[in-house]
There are 2 protein chains.
Amino acid sequence: MPSDDLPVPVFSKPVTLRDVAAQAGVSVATASKALNGQGRMTAETRERIRETARRLGFRPNSLAQSLLRRRSFTVGLLTNDTYGRFSLPLMSGISDALVDNGVSVFLCNVEEDPRLGQMHVDAMLDKRVDGIIATGKRIDRHLPVDLSNLRVPVIYAFTQPDPDAVAFVSDDVGGARLAVEHFCRLGRKRIAHVTGPASFAVVHARVQAYRDVLVENGLTVSEPLLGSWSEAWGHQAVAQLFDGKSERPDAVFCGNDQIARGVIDALRERGLDVPGDIGVIGFDNWEIVAEATRPPLTSIDMNLVALGREAGLTLLSLVGGKPAAPGIRKLPCRLVVRQSCGHPLDG
Amino acid sequence: MPSDDLPVPVFSKPVTLRDVAAQAGVSVATASKALNGQGRMTAETRERIRETARRLGFRPNSLAQSLLRRRSFTVGLLTNDTYGRFSLPLMSGISDALVDNGVSVFLCNVEEDPRLGQMHVDAMLDKRVDGIIATGKRIDRHLPVDLSNLRVPVIYAFTQPDPDAVAFVSDDVGGARLAVEHFCRLGRKRIAHVTGPASFAVVHARVQAYRDVLVENGLTVSEPLLGSWSEAWGHQAVAQLFDGKSERPDAVFCGNDQIARGVIDALRERGLDVPGDIGVIGFDNWEIVAEATRPPLTSIDMNLVALGREAGLTLLSLVGGKPAAPGIRKLPCRLVVRQSCGHPLDG
DNA sequence: TTCATCTGAGAAAAGGTTTTCTCAAACAAT
DNA sequence: ATTGTTTGAGAAAACCTTTTCTCAGATGAA
């Protein structure tokens, strides 16, 4: 027994407003108004049209709507970080903020290629995106694209912004302070800093914060060890720290979680106990690393999902016509305590 | 001295074909034909229109074009893997294939939420995507969306497909064979297998391949150790392998790189040399893990970028009207030799 | 009855492009 | 001089929806 009142799936051509109007015996204008709650008509007419639309499985063609409204409910997301540790949570936050508002996201990877970047920006503009978000894997490098003087609003998230643009980045200085201050609170006295290469702006920012906190707490500042962002460097750094030339640290603040992992492994190999003898704090809170470390790694989380969400929401308000003050907004990091930093020491 | 012949950036409204036509003193129809190389007109007229368009910085409105052509040069990419190890290289390959053909990608994360999934699929269809690609983080699980009987072609990549759909997955059996056969070629005799939980289909597929290769080579098959996908399990597994109850292995094939790393660390802690005493091969070739392992990890790469590219190209040909045989295509893995598997043994 | 107001609904324009159809002018052939 | 063909270019329809304008009929007041 065929059930005639089930919505019939449409296989061939999509059903248009014209179809609905014809079925309901009204004009397309009336049909449109009925479905959008606009215009004046009898409740009976409106309901009949709505019912017809429902029965036919009508869905308005966004292309036609966008063409008319000059608003596509679509934004472009540029990145140069395909495999990225940072851009993924970022993008997750951005998507969250946008899809909740019915906005779709064009994802474009521009690599390091200006030609590719220009191509993508042009394509986005041609497709009439409502706005563009630029994200990257480094806070101190530009994407290889020129986003100044576009016809749509632009937001930068975790990448070097143009002057006078609206941008969101993590507060690296604050994050570094969180880590070092936590060590101070725990009673550690000789806090070392092992971090990445000097070519990164964040390295200098965090080093400065590290120094500041030590001075504020009346502790002696030892020279930070700059290297690469790798586990191998963490190993090496431990060798340097324990070469006997200087006083042994009782805590190490690391520039990222991979370095921290290298440090912890090297310490264990030397028979030193973490956190008993030496506390370790990492940076990035990359769970896959932080949780595999023995003991699990205390780390600084840059709240990238929240940062992305903030960027998305701000873009939407910009698109909606609300102005936003240009400038760089730094969003706070948070300390995620696991076991590698230890408990308060006695005394 | 102002240079009048520089292209003037357009700040306000986008310039339309109508503007170009007016400036060039022709009708929009003629202008359209001139720019698209269609119709008949004097070379002079065509060039004048082209020059005018160039000068005005004209770019056709994709929305209008798509509306008319019923083709948007846009595809939707569904995933349930926001942070994923697997979906990222996959997406990178897909994007590659598509952007080279001028197609933009809507990225949609559907999490595990069928309501969200339906929302995204509807939005894509409303925006008249030319096709949809579904990717996931697991080969043996469906995305929480129904993609059957859509009006556009659908391709599955690295996720459980609907019956009769076109799908691409990695050849896990082949990959496992590559690893175990490599050990055999190197002269290893007692090859163990440490892998993930039984709830994963790939675990069984690889176990079977592992057994087959051992039998084919006349080696004794020891019971594979099933656990979790973590480093910690790798550690534990080594404890089991060396509990003295059974003969010690001289090689371990691991279900992923994290397990392999745990295995190698545990072996080193027991004073065993990798690859001297025991060879280790991982799976996934996650460079960040494989290269940080000491010694660097030999691993099986699933060629996910290539898989993604293949999926993208196939979708395009489907969109172009060329039929594709339904079914699951398995793409080969490859062995990436680093140091943990060792060199051929004497004898 | 006449005028004003209100009501329900359709006609038409707009958004920007592509494509088919039409047409006048120029030219060649008879 | 008449007919047929080619050429260059414009008019108009189409894609689908939204919105403004228009209008006939109904209602109410004078």
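Note that this is a predicted model, so its numbers are computed, not measured. Below, chain A is the first sequence line, B the second, and so on; all start at residue 1.
Partners of A/Asp19 by salt bridge (charged side-chain N to carboxylate O under 4.0 Å, His left out), not counting sequence neighbours: none found. B/Phe58 is linked by a ring pair (Phe, Tyr, Trp, His ring centres under 6.0 Å) to nothing, counting only residues two or more places apart in sequence or in another chain. Residues satisfying the side chain to side chain donor-acceptor pair (under 3.5 Å) test with A/Arg50, not counting sequence neighbours, are none.
Between B/Ile49 atom CD1 and D/dG10 atom C1' the separation is 12 Å, expressed in whole Å. In this structure, CG of A/Leu67 is placed 13 Å from C1' of C/dT18, rounded to the nearest angstrom. One atom, CZ of A/Arg128, and another, P of C/dG16, lie 8 Å apart when rounded to the nearest Å. One can place CZ of B/Phe73 at 14 Å from C1' of C/dT18, the figure rounded to the nearest angstrom. Taking atom CG of A/Leu68 as the reference point, atom C1' of D/dT18 lies 5 Å away to the nearest angstrom. Remark: C1' of D/dA11 and CZ of B/Arg18 are 14 Å apart, rounded to the nearest angstrom. Between the P atom of C/dG10 and the CG atom of A/Leu17 lies a distance of 12 Å, rounded to the nearest Å. Atoms CG (A/Asp126) and P (C/dT17) sit 10 Å apart, rounded to a whole Å.
The line from CZ of B/Phe106 to CG of A/Leu77 is 12.5 Å long, rounded to the nearest 0.5 Å. Put simply, CG on A/Leu150 and CG on A/Asp162 are 10.0 Å apart, with the number rounded to the nearest 0.5 Å.
Within the 4.0 angstrom heavy-atom criterion, only backbone atoms of the sugar-phosphate kind lie near A/Thr16; the bases stay farther away.
Mapping A/Ala64 and B/Ala29 onto DNA chain D by nearest heavy atom places B/Ala29 closer to the 5' end of the strand.
A sub-4.0 Å separation between OP1 or OP2 of C/dG10 and a side-chain N or O of A/Ser27 is present. In this model, the phosphate group of D/dT17 is not approached by any side-chain N or O of A/Ser32 to a distance below 4.0 Å at OP1 or OP2.
Among pairs with a residue in residues 102-113 of chain B, those fulfilling side chain to side chain donor-acceptor pair (under 3.5 Å) read A/Lys127-B/Ser104, B/Asn80-B/Glu112, B/Thr82-B/Asn109, B/Asn109-B/Glu111, at least two apart in sequence or across chains.
The listed nucleotides are C/dG16, D/dG10, C/dG10; the one nearest the side chain of B/Asn61 is C/dG16.
The stretch residues 33-48 of chain A touches DNA chain D through A/Lys33, A/Asn36, each having a heavy atom within less than 4.0 Å of the strand.
Taking the six-membered ring wherever Trp is involved, the centroid distance between the rings of A/Phe86 and A/Phe158 falls below 6.0 Å.
Five base pairs at each end of the helix from C/dT1-D/dA30 to C/dT30-D/dA1 define two local axes, and these are offset by 70° (rounded to 10°).
Residues B/Asp126 and A/Gln65 have side chains not in contact (no heavy-atom distance under 4.5 Å, counting atoms from C-beta outward).
Ion pairing between B/Arg54 and B/Glu51 holds under the 4.0 Å rule for side-chain N and carboxylate O.
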